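Below is one structure, written out as structure tokens, with a few remarks after it.
All of these numbers come straight from a predicted model, not from anything done at the bench. When a ligand or atom number is given, it counts from 1 through the structure's own listing order. Just so you know, residue 1 is the first one in the sequence shown, and it goes up from there.
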Amino acid sequence: MEQLHLPAVTQAQGTIILPGSKSISNRTLLLAALSDGVTIIRDLLASDDTARMLEALASLGIKLENIGENAWQVTGCAGNFPNKQADLFLGNAGTAFRPLTAALAFSQGDYHLHGIPRMHERPIGDLVDALRQAGADVNCTGNEGYPPLQISPATLDVSQPIQIRGDVSSQFLTALLMALPLTGQAASIEVVGELISKPYIEITLNLMQRFGMVVQRDGWQRFHIPAAACYQSPGEIFVEGDASSASYFIAAGILAGDVTVQGVGQHSIQGDIRFAEAAHLMGGRISYGESHVRAEKTSALKAIDLDCNHIPDAAMTLAVMAMFAQGTTTLRNIASWRVKETDRIAAMATELRKVGATVEEGPDYIQITPPVQLVRHAVIDTYDDHRMAMCFSLLSLAGIPITINDPKCVGKTFPEYFQVFAGIVR
Ligand SMILES: O=C(O)C1=C[C@@H](OP(=O)(O)O)[C@@H](O)[C@H](O)C1
Ligand SMILES: C=C(OP(=O)(O)O)C(=O)O
């Protein structure tokens with residue numbers, strides 16, 4: 001297995017330019033593909049997850065032209081994919097798999113959707129149930145409730161409100177919201193139970209609006225899609241820098257110096273921008289501009305006790321920051337960690353124990369007490385999880401060398417991560 005040896009370091013200083021947001025990139029690609037007109041997308045993320053979406057859209061007959069560095073011209077199909085048969089490999093990209101499932105369920109074709117083995121362990125049953133209420137023909141060809149999926153043409157009826165559970169992944173609601181306009185009919189969605197990861201729904205609604213689709217809503221409970229509406233290309237759209245990717249550099253600044261991330265700022269539409277507030281609770285100074293965030297070390301770090309449901313991805317970074325804090329840090333309401341790239345609660349607990357932490361885990365929380373003295377060197381397993389690899393690089397700032405197993409797993413969202421990290425630490 002490939003390994004990366006990170007040297008012991010103690011300082012982080014400098015400015016980095018963030019890659020594009022994964023969540024915005026994959027939503028924008030799909031909305032541009034479904035819209036009427038040509039869209040130029042700038043600053044698109046170049047990574048495994050966006051490559052899977054680009055390949056899928058190309059297989060569906062969408063014209064996509066790379067017109068410059070991270071710039072794409074997408075010719076939309078006005079809600080009707082040209083290819084009515086396709087076999088789509090979607091890797092482990094939730095932001096491709098879930099939205100494409102819903103869009104293709106309403107596209108009157110024969111489609112097979114599959115991914116890597118872990119994707120076939122990630123639940124999709126709540127979305128499949130919702131699509132079946134609308135008459136869609138979606139078949140789980142392996143285990144019920146999980147990919148792979150076979151989708152067939154069907155007679156759709158969305159005259160009744162569609163109920164969807166939102167307590168396993170918000171991506172199911174995102175998928176339904178983005179796809180329902182394809183039916184051409186007015187439709188309503190009712191969320192059953194507590195919706196998790198709410199800020200991702202704000203990203204969805206914001207981008208749908210930029211493509212001309214205004215969704216009426218009653219809080220987080222009910223959403224109404226207008227009749228006979230087609231997505232309209234906004235012409236040109238810029239993708240913000242990725243706020244989850246920013247978390248590693250904001251953490252580095254707070255732990256060990258002064259780091260500025262460029263590409264995301266105080267008015268970001270991404271919920272993970274609020275990682276900066278959470279990190280600030282542990283210590284350090286945060287300042288914002290229109291398109292940058294600066295993080296500076298000012299004091300020793302304090303432990304925190306925080307509900308992290310609004311920042312599920314960036315919260316992993318807090319778990320590693322806890323190793324630098326005095327006291328016990330508790331991260332709560334993170335049950336969704338268990339159904340992501342790996343069981344992230346179990347993986348985080350195992351790897352933090354390797355460096356000496358005392359860790360308690362529950363179904364939806366993790367509690368971390370750092371050791372008096374960290375181990376002198378650690379070899380970290382990453383479980384094919386980009387965030388495990390990126391998070392644990394931060395431990396090298398404690399002045400211990402860290403070996404990262406399978407470092408290329410960062411390709412899911414940030415292929416250049418380790419080069420960028422090496423550029424700010426010493
Ligand atoms: O909609 C999105 O872009 C995402 C939603 C979140 O998933 P859940 O809703 O499953 O928590 C997040 O973890 C994922 O990385 C991206
Ligand atoms: C959960 C994640 O990915 P996905 O979009 O595949 O759900 C993630 O990037 O942390």
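- Checking only distances, Lys340 does come within under 3.5 Å of ligand 1, N or O to N or O.
- Summary of contacts: the protein heavy atom closest to atom 5 (O) of ligand 2 is Lys22 NZ, 2.7 Å.
- Annotation: the span from Ile424 atom CD1 to Thr260 atom OG1 amounts to 10.0 Å, rounded to 0.5 Å.
- For His280, the NE2 atom sits in a loose shell: 12 or fewer heavy atoms of surrounding residues, nucleotides or ligands are nearer than 6.0 Å.
- Closest protein heavy atom to atom 10 (O) of ligand 1: Ser169 OG, 2.6 Å.
- No side-chain heavy atom of Leu6 sits under 4.5 Å from any side-chain heavy atom of Pro401.
- How far CZ of Arg122 is from OH of Tyr146: 12.0 Å, rounded to the nearest 0.5 Å.
- Under a 4.0 angstrom heavy-atom cut-off, Thr95 registers as being in contact with ligand 1.
- At the shortest separation from atom 1 (C) of ligand 2 among protein heavy atoms lies Glu341 OE1, 3.2 Å.
- Among Met316, Arg122, Lys340, the residue whose heavy atom lies closest to atom 7 (O) of ligand 2 is Arg122.
- Looking only at heavy atoms of the protein, atom 9 (O) of ligand 1 is closest to Ser170 OG, 2.5 Å.
- At a heavy-atom distance under 4.0 Å, no atom of Met388 approaches ligand 2.
- At least one heavy atom of Lys22 sits closer than 4.0 Å to an atom of ligand 1.
- Considering only non-hydrogen protein atoms, atom 10 (O) of ligand 2 sits nearest to Arg387 NE, 2.6 Å.
- Residue contacts with ligand 2, taken as heavy atom pairs separated by less than 4.0 Å, involve Thr95 via backbone and side-chain atoms alike.
- Looking at ligand 2, you'll find an N or O of Gly94 within less than 3.5 Å of one of its N or O atoms.
- Residues Glu144 and Arg132 are paired through a salt bridge, judged by an N-O separation under 4.0 Å between the basic side chain and the carboxylate.
- Of the candidates Arg98, His386, Arg52, Lys412, it is Lys412 that places a heavy atom closest to atom 6 (O) of ligand 2.
- Near Arg27, meaning under 4.0 Å from any of its heavy atoms, are these atoms of ligand 1: 1 (O), 2 (C), 3 (O).
- By the criterion of a heavy-atom distance under 4.0 Å, the side chain of Arg344, and not its backbone, is placed next to ligand 2.
- If you look at Tyr248 and Tyr417, their ring centroids are closer than 6.0 Å.
- Between Asp49 and Lys412, at least one side-chain N (NZ, or NE/NH1/NH2) sits under 4.0 Å from a carboxylate O, which counts as a salt bridge.
- Closest to atom 2 (C) of ligand 1 among all protein heavy atoms lies Tyr200 CD2, 3.3 Å.
- In this structure, the protein non-hydrogen atom closest to atom 12 (C) of ligand 1 is Asp313 OD2, 3.4 Å.
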